[in-house]
Amino acid sequence: MANEITGRELIVGLKKATTWHTPVACGAGDGLLILSDGIKVTTPVELDDSAGQEWIFQADPGVKDIKGTLDCYMRYQGFDVPLALIMGTAGAPVQQEATAAYLHTLALSSSIFGKFATMAQLKLSNKVWEFPSLKLHGFKLTAEMNKPVKISLEGIADKLDRASATNTAATMANVTYPDQVNRIFMDKNTVVRINDQSGAALDDTMKLYPSSIEFSFNRPMDAEPVAGQDGVDEPIDNGFPAVTMTMKFPRYNTANDAFFTDWDNFTSKKMDITFTGKVIEGAYNYRFRLILPHVKVDQPEAPVSGPGKIPFSLSFQILAAAAAPTGMAFTEPFRIEMINKRTTDPLA
């Protein structure tokens, strides 16, 4: 039928905005490749259930609730802006020698008030769904051995505009993707290292060999409607941010048995996880790194379910550090380092 498109022709743009309720036009470099769109718009029906009438005659729309997740393959470039908006602090990247590689450091801010984006989606050839202000406040990374890493971005939007003059079918034709090639894989080049927080700096003698990793960060948020405006106010913090991680291992062995001792002793650990991709130029590859200065082992398990091998899994609670441990220069629960070809501050 007229104007229908498929997921192959879908265009999603996400661009940092500056004024809540005021959209900005998505364009070159703002494209986001997604697996599924879980941003849902729900509106409760407010019934007039007054006594003195045989039937309910009147219903009115309640407050629209617009929130959910965007599921994507994680890439070395293209998620700089979403992650920077969630983390809160970025900055100008550092060029690696005289190459096309740039190092980005994303740090956690205690608040991300004032940091949000406009998201626009071309869903018919002549129809754009625009969320003028989208507050991204959490993400989850899911990695399995020899598979592409997936990321789920969690957000709350102010409203849905399906007749915007800012993001139109014509303007969406200007949207391009930062990188359509370099997905992050968990493979032989993925390095996980851990040591006691009070011990020496992390090195390659401290490797772990998990078969899967799930890392989750979320800032609980509240968004309230107010009189005199369409859509909710900018969401604000509603509790402590939560950072957790789980790992699974093919089998229970002497090496990972040590985590039961760490659990019993409530030992503070430090960790980093590094994914490495293709060469950018010279000695520099695409890279994505999580750095964790204070983790606690939580619930190690070695369940027996039959005559086969005994698997092993454990969770971690990720905390702030009282002081920067050896080999790390910060105390927030984690930081992200990325090496890619982006030359500008994702929050500029």
Requested in this report: Ignoring hydrogens and angles, tell me if any N or O in the side chain of Q197 forms a donor-acceptor pair with the backbone of P325 under 3.5 Å.
Outcome: no
Query raised in the report: Between E281 and T99, is a side chain to side chain donor-acceptor pair (under 3.5 Å) present by the stated rule, with each step listed?
Result: CA-CA 6 Å; E281 187 178 347; T99 70; 4.9 Å; no
Report task. Would you check, one step at a time, whether the test side chain to side chain donor-acceptor pair (under 3.5 Å) holds for S133 with H21? Result -> CA-CA 6 Å; S133 300; H21 291 316; 5.1 Å; no
Query - 4.5 Å side-chain heavy-atom contact, T190 and T274 - result: no
Requested in this report: Could you please spell out the steps behind the side chain to side chain donor-acceptor pair (under 3.5 Å) verdict for E9 and T6?
Outcome: CA-CA 5 Å; E9 300 150 294; T6 67; 3.1 Å; yes
Query raised in the report: With the 4.5 Å side-chain cut-off for hydrophobic clustering, are I151 and M247 part of the same group?
Result: yes
Report task. Report yes or no: do V41 and L70 belong to one cluster of Ile/Leu/Val/Met/Phe/Trp/Tyr joined by side chain heavy-atom distances under 4.5 Å? Result -> yes
Report task. State whether the number of non-hydrogen atoms from other residues, nucleotides or ligands found under 6.0 Å of K64 atom NZ is greater than 12. Result -> no
Report task. For the residue pair F217 and I86, establish whether any side-chain heavy-atom pair is separated by less than 4.5 Å. Result -> yes
**Report entry** Electrostatic pair K135-E234, nearest N-O below 4.0 angstrom
**Finding:** yes
Query - Q58 side chain to D60 side chain, donor-acceptor N/O pair below 3.5 angstrom - result: yes
**Report entry** Check: E337 and R287 side chains under 4.5 Å, non-hydrogen atoms
**Finding:** yes
Report task. Evaluate whether atom CZ of F240 has more than 12 neighbouring non-hydrogen atoms of other residues, nucleotides or ligands under 6.0 angstrom away. Result -> no
Query raised in the report: Is there a side-chain contact between D65 and T43, using heavy atoms and a 4.5 Å cut-off?
Result: no
Report task. Would you tell me whether Q77 and N182 have side-chain atoms, one donor and one acceptor, within less than 3.5 Å of each other? Result -> no
Query raised in the report: Distance from I339 atom CD1 to Q96 atom CD, nearest 0.5 Å?
Result: 5.0 Å
**Report entry** ring pair (Phe, Tyr, Trp, His ring centres under 6.0 Å) between F260 and F312, worked out
**Finding:** CA-CA 11 Å; F260 282 101; F312 177 75; 5.8 Å; yes
Report summary line: salt bridge (charged side-chain N to carboxylate O under 4.0 Å, His left out) pairs touching residues 252-266, sequence neighbours excluded, are D262-K269
Query - Smallest separation among heavy atoms of I34 and V12, with atom names - result: CD1-CG2, 4.1 Å
Report task. Might you point out which heavy atoms bring M186 and P210 nearest each other, and give the distance in Å? Result -> CE-O, 3.4 Å
Requested in this report: Measure from NZ or CZ of K140 to the centre of the six-membered ring of F215, then state whether that distance is under 6.0 Å and the direction lies within 45° of the axis.
Outcome: no
Query raised in the report: With a 4.5 Å limit on heavy-atom distance, are the side chains of I184 and R75 in contact?
Result: no
Report task. Starting from the C-alpha separation in whole Å, work towards a yes-or-no answer on side-chain contact (heavy atoms from CB on, under 4.5 Å) for S111 and D237. Result -> CA-CA 8 Å; S111 171; D237 292 321; 4.3 Å; yes
Report task. Enter the distance from M206:CE to D196:CG here, rounded to the nearest 0.5 Å. Result -> 9.0 Å
Report summary line: CG of L292 to CZ of R335, rounded to nearest 0.5 Å, is 12.5 Å
Requested in this report: Identify whether the distance between the nearest side-chain nitrogen and carboxylate oxygen of D272 and R193 falls below 4.0 Å.
Outcome: yes
Report task. State, yes or no, whether a side-chain contact exists between H104 and P93 at a heavy-atom distance under 4.5 Å. Result -> yes
Report summary line: In short, side chain to side chain donor-acceptor pair (under 3.5 Å) pairs touching residues 304-327 with sequence neighbours left out are D298-Q317
Query raised in the report: Looking at side-chain heavy atoms only, is the closest gap between K278 and I280 below 4.5 Å?
Result: no
Requested in this report: Check whether any side-chain heavy atom of M338 lies under 4.5 Å from a side-chain heavy atom of D80, and answer yes or no.
Outcome: yes
Requested in this report: Compute the centroid of each ring, for F79 and then for F139, and state whether the two points are separated by less than 6.0 Å.
Outcome: no
**Report entry** D37/K123 ion pair, N-O < 4.0 Å
**Finding:** yes
Query - Nearest atoms (heavy-atom pairs only) where T166 meets P23 - result: OG1-CG, 3.6 Å
Query raised in the report: Going through the checks in order, is the side chain to side chain donor-acceptor pair (under 3.5 Å) test met by T276 and N285?
Result: CA-CA 7 Å; T276 301; N285 293 56; over 6 Å; no
Query - Heavy-atom closest pair, residues Q53 and D48 - result: NE2-O, 2.9 Å
Query - Hydrophobic cluster identity match, L32 and I336, side-chain contacts under 4.5 Å - result: yes
Query - Donor on one side chain, acceptor on other, T205 and D203, under 3.5 Å - result: yes
Query raised in the report: In terms of heavy-atom contacts, does CG of L35 have more than 12 from other residues, nucleotides or ligands at under 6.0 Å?
Result: yes
Report task. Flag yes if more than 12 heavy atoms outside K150 fall under 6.0 Å of its NZ atom; otherwise flag no. Result -> no
